[in-house]
Every structure is written in C-alpha cells, then in structure tokens.
Amino acid sequence: MAKLGVNIDHVATVRQARRTIEPDPVWAAALAELGGADGITLHLREDRRHIQERDLRVLKQTVQVKLNLEMAADPIVTSMACDVIPHQVTLVPEKREEVTTEGGLDVIANCMRIKTCMEQLVNLGIEVSMFVDPDPRQIEASHNMGAKAVELHTGRYADANNERDQDHEFEALVSAGAFAIERGLILHLGHGLTYRNVQRVARISGVSELNIGHSIIARSIMVGFQQAVREMKDLIR
Ligand code: PXP
C-alpha cells in the first residue's frame, strides 16, 4: 500500500496571511500523524511565502514519521538542509512567480547545480528524491545522478478536464512509473491529488509514496485536520 505524505505548507500559508503565530504547521503535523500520515512534507521556498526556517527546525524535533523537505537545488537552502538533516529531500524546481510548483525539475538542464547539492545531502545520509514529469529522459537522468527515488508530477493527470485526457495522462504515469522501478528507483507520486482522483493512482503498481497537500488542507477546514488525513488514508488503503 502506498504511504501518505501530508504536505502542510498551506497551514503556514494561512498563518503568513496575517504574519501571526497561528495556525501552527507543527500542530498540524502532530494531528496528521494521529490521522495516520506516514510522512510530513514541507517546502521551504526561497521567498518564504509559507513555511519558515523555524518550522523546519521544530518539525525536525517533533515529527515522528518521515520528514520530507521539498526544496530547490540552491546553495542556501542546501546548507540549511545539511544542518537540519530531514529523512528525505525532494528536489523541485522553483519560480518566484508561480502559484505552486508548476512542472517537474529539468534534471538534464540543471545537472551541475543538482549534482553539487546532491553530493552534500547524500554524504549526510539524506535520501534524495527528484520531482520530475513522467518523462523517461528525466527519470534516467535522475537515476544516473544517484537519486534514490523519483516523484512523478501528477498535475497533468489531476488537471485533465475530460476522461480521454485523464486516461492518457494516467497511462503516461503508469509507463513512467514502470520505467522508474525497472531502473531501481523508488516511486513517489504527487501534485494536484484529491479525494476524487487519488484512488486510481494509488493502485499504480509499485507506488510507494503519495504526497498530498492542498486537498487535505481544504477538507480539514470543514472536518478537522486529523479527520481529513484519515479520510485520505482510507481512500488510499
Ligand atoms: N509534491 C510536490 C513535489 C509538490 O511541490 C507539491 C506542492 O507543494 C505537492 C506534492 C503537493 O501538491 P498539492 O498541494 O497539489 O497536493
């Protein structure tokens, strides 16, 4: 069964809207664990629009499941990751103007920057996953670079607005996932997954981890955080 990584960024988005101390993503992480989360995911962005350095440091001390830090392959955040040592780093592309991570990382075009960052992380025993589009060239490059896992971007599957397009994007995920597993990579999926579209991808052969944020946070406003996580976990199960 795929594990559920709960992305708590948008708890911090609400806090930062008022630059106050609540809601605290540290509390949300604890409730996510009580709801059955197998991991806590957070993205420390260069513009610090939601998660702050303090959140990462406190979560490292309090989270008892896997702590997955999403970050750009940037020297400042890499040195922070090397100081905190999360269990896993997921390397993502980052653009200031984007609302959320819009596409997968171009591992081929950014190989030197990624290599420098990865060497430091891997030397400290941090597992590195690459967030890439379901594209065999990017998966192959991630493998050659020494990544332990790839997280395939499920955005195009999630955003498809008719059944035919969704089937097409689903097949792309299935074949890219099989390709990753053949290469010995651990398979993660994430982005845009919701209570409505998660079950199909949770059944993809060999998928080990699903990272889900916005949909869980949205439901949590209505039903509470622990319950929202539990409902997602039940669907995956
Ligand atoms: N995985 C990665 C690599 C992401 O960047 C994000 C968004 O921060 C997610 C998963 C979660 O996406 P969503 O909030 O759409 O569930």
Side-chain angles (χ1 to χ4, degrees), residues 2-14 16 25 28-29 32 37-51 55-56 59 66-74 77 81 86-96 98-107 114 127-135 138-139 142 147-160 169 173 176-177 180 185-199 201-202 207-221 225 228-229 231-233 235-236:
K3 295 198 159 85
L4 171 62
V6 176
N7 182 314
I8 55 171
D9 291 349
H10 294 311
V11 177
T13 302
V14 175
Q16 294 312 111
D38 302 292
I40 300 297
T41 295
L42 67 161
H43 185 173
L44 186 66
R45 294 185 76 104
E46 186 208 359
D47 62 11
R48 302 289 190 272
R49 69 174 72 159
H50 39 51
I51 293 293
D55 302 328
L56 172 62
L59 286 163
K66 180 176 180 179
L67 186 66
N68 174 33
L69 173 64
E70 291 176 3
M71 55 174 249
D74 149 87
V77 72
H87 299 112
Q88 177 176 288
V89 159
T90 301
L91 291 178
V92 300
E94 214 173 276
K95 286 196 231 108
R96 280 198 164 221
E98 69 193 355
V99 175
T100 180
T101 319
E102 280 165 3
L105 184 64
D106 189 341
V107 182
I114 294 172
E127 294 176 2
V128 179
S129 174
M130 307 271 201
F131 183 55
V132 293
D133 289 325
D135 172 351
Q138 296 294 343
I139 296 167
S142 304
K148 181 151 183 164
V150 281
E151 180 173 328
L152 300 182
H153 196 312
T154 48
R156 285 206 302 261
Y157 160 80
D159 293 341
E169 298 302 339
L173 290 168
L185 289 159
I186 297 171
L187 179 61
H188 303 164
L189 302 174
H191 210 285
L193 297 177
T194 68
Y195 294 84
R196 289 193 178 82
N197 66 22
V198 73
Q199 284 190 307
V201 295
V207 60
S208 146
E209 180 178 306
L210 300 170
N211 283 302
I212 309 178
H214 186 269
S215 187
I216 293 176
I217 308 287
R219 184 167 293 204
S220 77
I221 295 171
F225 210 83
V229 172
E231 288 175 17
M232 184 60 85
K233 181 86 185 178
L235 283 174
I236 293 170

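Keep in mind that the numbers below use all heavy atoms, side chains included, and drop hydrogens, waters and symmetry copies. We count ligands from 1, going down the list as the structure has it; atoms in each ligand are counted the same way.
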Are there more than 12 heavy atoms of other residues, nucleotides or ligands under 6.0 Å from atom NZ of K3?
no

Identify whether the distance between the nearest side-chain nitrogen and carboxylate oxygen of K233 and D38 falls below 4.0 Å.
yes

If you measure from each heavy atom of S215 to ligand 1, is any distance below 4.0 Å?
no

Going through the distances and angles, do T41 and E70 end up as a side chain to side chain contact (heavy atoms under 4.5 Å, CB included)?
CA-CA 7 Å; T41 295; E70 291 176 3; 3.3 Å; yes

Just going by heavy-atom distances, which of A158, G213, S129 is nearest to atom 16 (O) of ligand 1?
G213

With side chain to side chain donor-acceptor pair (under 3.5 Å) as the criterion, how do H191 and E151 come out once you've worked through the C-alpha distance, each side chain's angles and the decisive distance to 0.1 Å?
CA-CA 9 Å; H191 210 285; E151 180 173 328; over 6 Å; no

Using a 4.0 Å cutoff against the non-hydrogen atoms of N7, which atoms of ligand 1 qualify?
8 (O)

Quick check on contacts: which atoms of ligand 1 are under 4.0 angstrom from a heavy atom of V92?
3 (C)

Calculate, to the nearest 0.5 Å, the distance between atoms NZ and CE belonging to K148 and M130 respectively.
14.0 Å

Taking only heavy atoms of I212 into account, list the atoms of ligand 1 that are under 4.0 Å away from them.
16 (O)

Of the protein's non-hydrogen atoms, which lies at the shortest distance from atom 10 (C) of ligand 1, and what is that distance?
E151 OE2, 3.4 Å

So how far is it from N7 CG to N211 CG, rounded to the nearest 0.5 Å?
7.0 Å

Starting from atom 4 (C) of ligand 1, which protein heavy atom do you reach first, and at what distance in Å?
E70 OE2, 3.2 Å

Under-4.0 Å heavy-atom contact with ligand 1, by part of H153 that carries it:
neither

Taking NZ, NE, NH1 and NH2 as the nitrogens, is one of them in K66 or E209 under 4.0 Å from a carboxylate oxygen of the other?
yes

The reported gap from CG in L69 to OG in S129 (rounded to nearest 0.5 angstrom) is 12.0 Å

Looking at atom 12 (O) of ligand 1, what's its closest protein heavy atom, distance included?
H191 CA, 3.5 Å

Note: ligand 1 atoms sitting under 4.0 Å from heavy atoms of N211 are 10 (C), 11 (C)

Residue and atom name of the nearest protein heavy atom (relative to atom 15 (O) of ligand 1), distance in Å to one decimal:
G192 N, 2.8 Å

How far is atom 14 (O) of ligand 1 from its nearest protein heavy atom, and which residue and atom name does that atom have?
H214 N, 2.9 Å

